[in-house]
Amino acid sequence: MTASAALKDPRRYFEAVDTRRAAIAEAPPVCLYLEVTNRCNLLCETCPRTFETLEPPADMSWALFTRIVDQVPNVGRVVLHGVGEPMLVKALPRMVRYLKDRGTYVLFNTNGTLMQPRRFQELIDTGLDELRVSLDAADRTSYLKVRGKDFFDRIVRDVGRFTAFQKSIGATTPKVSLWLTGLRETIDQLPAFVRLANEMGVTEVHLQRLVFDEAGYGLARSDLSLFENTRAEEAAAIEVAQAIGRDLGVSLDASGATEPGISLKRQDERAWATCRRPWSLMYFTAHGRALPCCIAPFSVRGYANYTLGDATQATLREIWNGEAYRDFRTALLSDTPPAPCKNCGLRWSL
């Protein structure tokens, strides 16, 4: 199986990565994360951009987008999101089509607030493979607490309209999934969340593990994380949700396509040491800053200490095996991992 083919199935994702991990990566990245914008229309209590300015507000320019993509002509998978809302970007459909024309698997996460019917056909026509809707609550009150603005009813209505539209024209892509971050505040809503997905015409639900930094902000605090602290009632909620999903034909998965319960537990005291992301993918912010992965912005304050390069100043080849990347990989394989990796488990969202 080629890297490109494997990346179309999250369960086979890591099989595409060379297991010989050292300071120098022998193969180019098979996946790119491109933060097409760092702007957003929500104020989520679990997002760092709500509480601090990570970089000046910007959309990734077409010149920077093509400069990055064209340097990895055989890239298997491209994820078009970061800390912003991709559907705010006017050039997004063009970006998706540019990637699909070369046979790349393309997806992005959206908060679902901009799913107007006038955009339905255009979104389908781009060839987008996956549309991941981060809803994070099963009711309006909880949504407002987590997301900071009252868009719950609009999102439920419009995503439901989109799946109905897909069905009416026989469109099988993009595959739509619904995502819930596993907070102590909301995990008990998982069964209702699965029922809601079914009502919206969505057949795939994912439980996303909370990402937090040690300082904590908003709801992104260690005491609200389920990671390593899953209690009996939370495990029961997962089991009930899975049973409901089986009855309704809605699959319940977790970050990285693991079982929901497994995803909330550290599988190794040195779990970071088995991570393959610095050998398999590159993440670029809207300004071209290279970061280790999509989790890094949520794990540590500021970008200065773990910026691995700048795509506006150097080639991807120079960045990929430059001094900063080599040092990062070396630290990741040691007993003293880089700061963004200390609380990270094996399997995050792909």
Side-chain angles (χ1 to χ4, degrees), residues 40-47 50 80-81 84-89 92 107-124 126 128-169 171-208 210 218-219 237-238 240-255 260 349:
C40 192
N41 57 348
L42 292 181
L43 297 170
C44 300
E45 288 289 318
T46 54
C47 181
T50 299
L80 296 176
H81 66 244
E85 169 49 47
M87 294 190 73
L88 287 170
V89 179
L92 182 65
L107 66 100
F108 62 80
N109 284 14
T110 177
N111 59 34
T113 60
L114 301 173
M115 291 289 293
Q116 298 97 334
R118 63 180 175 79
R119 306 181 73 171
F120 289 176
Q121 189 64 58
E122 180 183 48
L123 191 59
I124 292 169
T126 63
L128 181 71
D129 294 285
E130 285 188 54
L131 180 69
R132 299 178 172 184
V133 181
S134 296
L135 187 57
D136 279 347
D139 62 61
R140 184 179 176 184
T141 301
S142 299
Y143 178 88
L144 179 59
K145 183 174 182 179
V146 175
R147 292 293 194 169
K149 292 188 179 181
D150 187 8
F151 285 122
F152 181 80
D153 291 341
R154 178 201 293 188
I155 298 165
V156 171
R157 179 197 66 198
D158 289 346
V159 174
R161 286 177 174 175
F162 179 70
T163 59
F165 179 77
Q166 282 185 298
K167 186 175 182 179
S168 71
I169 65 172
T172 57
T173 56
K175 179 175 66 175
V176 181
S177 56
L178 213 58
W179 292 69
L180 173 78
T181 299
L183 291 164
R184 294 209 185 282
E185 300 274 351
T186 57
I187 189 63
D188 63 331
Q189 295 192 350
L190 190 56
F193 196 75
V194 171
R195 291 192 184 94
L196 179 63
N198 179 63
E199 294 170 6
M200 295 166 64
V202 177
T203 60
E204 189 173 302
V205 168
H206 289 261
L207 177 64
Q208 179 82 346
L210 175 69
L219 294 178
I238 292 173
V240 171
Q242 288 176 314
I244 292 171
R246 286 191 292 270
D247 290 341
L248 296 177
V250 176
S251 65
L252 175 60
D253 236 330
S255 304
S349 168

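For clarity, every value in this text was computed on a predicted model and none was experimentally measured. All values below come from the heavy atoms of this structure, side chains included, with hydrogens, waters and symmetry mates left out.
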### Query
Excluding sequence neighbours, so at least two apart, what forms salt bridge (charged side-chain N to carboxylate O under 4.0 Å, His left out) with D129?
K100
### Task
Please list, chain by chain and in numerical order, all residues satisfying side-chain hydrogen bond (donor to acceptor under 3.5 Å, both in side chains) with T110, sequence neighbours excluded.
E85
### Side-chain heavy atoms of M115 within contact of L123, under 4.5 Å
yes
### Task
Return the minimal non-hydrogen interatomic distance between D136 and T181, and the atom names on each side.
OD1-N, 2.7 Å
### Query
According to the interplanar angle, ranging from 0 to 90°, do the rings of F120 and F165 count as parallel (below 30°), tilted (30 to 60°) or perpendicular (above 60°)?
tilted
### Message
Looking at every heavy atom in both G84 and C40, which two are closest together, and how far apart are they?
### Response
CA-CB, 4.4 Å
### Query
Would a distance-only check, ignoring hydrogens and angles, find a side-chain to backbone donor-acceptor pair under 3.5 Å from S134 to N109?
no
### Task
For A137, enumerate each residue passing the side chain to side chain contact (heavy atoms under 4.5 Å, CB included) test, keeping only those at least two apart in sequence or located in another chain.
S142, Y143, Q189
## Note on the structure
Minimal heavy-atom distance between V202 and S177, with the atoms involved, is CG1-CA, 3.8 Å
### Message
What I'd like to find out is whether the side chain of E130 reaches to under 4.5 Å of the side chain of P174, using heavy atoms alone.
### Response
no
### Query
Do R132 side-chain atoms and H206 backbone N/O form a donor-acceptor pair below 3.5 Å?
no
### Query
What distance do L107 atom CG and L131 atom CG have between them, rounded to the nearest 0.5 Å?
9.5 Å
### Query
Roughly how far apart are M87 CE and L80 CG, rounded to 0.5 Å?
12.0 Å
### Task
Calculate, to the nearest 0.5 Å, the distance between atoms CG and OG1 belonging to L178 and T163 respectively.
10.5 Å
### Message
What I want to check is whether the side chains of N111 and T113 have a donor and an acceptor closer together than 3.5 Å.
### Response
yes
#### Entry: Residues in side chain to side chain contact (heavy atoms under 4.5 Å, CB included) contact with A171, at least two apart in sequence or another chain
I124, Q166, I169
### Query
For L144, which residues count as a side chain to side chain contact (heavy atoms under 4.5 Å, CB included) partner, sequence neighbours excluded?
D150
### Closest heavy-atom pair and its distance - V176, F162
CG2-CE2, 3.8 Å
#### Entry: Beyond-backbone contact of L248 with R195, side-chain heavy atoms, under 4.5 angstrom
yes
### Query
What closest approach, in Å, do A241 and L252 show between heavy atoms, and which atom pair accounts for it?
CB-CD2, 3.7 Å
#### Entry: Candidate list V146, V159, L196, test side chain to side chain contact (heavy atoms under 4.5 Å, CB included), partner L135, passing option
L196
### Query
Can you tell me if NZ on K167 sees more than 12 non-hydrogen neighbours from other groups inside 6.0 Å?
no
### Message
Just to verify, what does R157 make a side chain to side chain contact (heavy atoms under 4.5 Å, CB included) with, not counting sequence neighbours?
### Response
R154, R161
#### Entry: Residues which pass salt bridge (charged side-chain N to carboxylate O under 4.0 Å, His left out) with E204, listed by chain and number, not counting sequence neighbours
K175
### Query
What residues, two or more places apart in sequence or in another chain, satisfy side-chain hydrogen bond (donor to acceptor under 3.5 Å, both in side chains) together with Q116?
none
### Message
Testing the basics here: between F193 and L180, what is the closest heavy-atom pair and its distance to 0.1 Å?
### Response
CE2-CB, 3.6 Å
### Query
ring-ring contact (aromatic ring centres under 6.0 Å, His included) with F108: which residues, sequence neighbours excluded?
none
### Query
Side-chain contact, heavy-atom cut-off 4.5 Å: L88 with L114?
yes
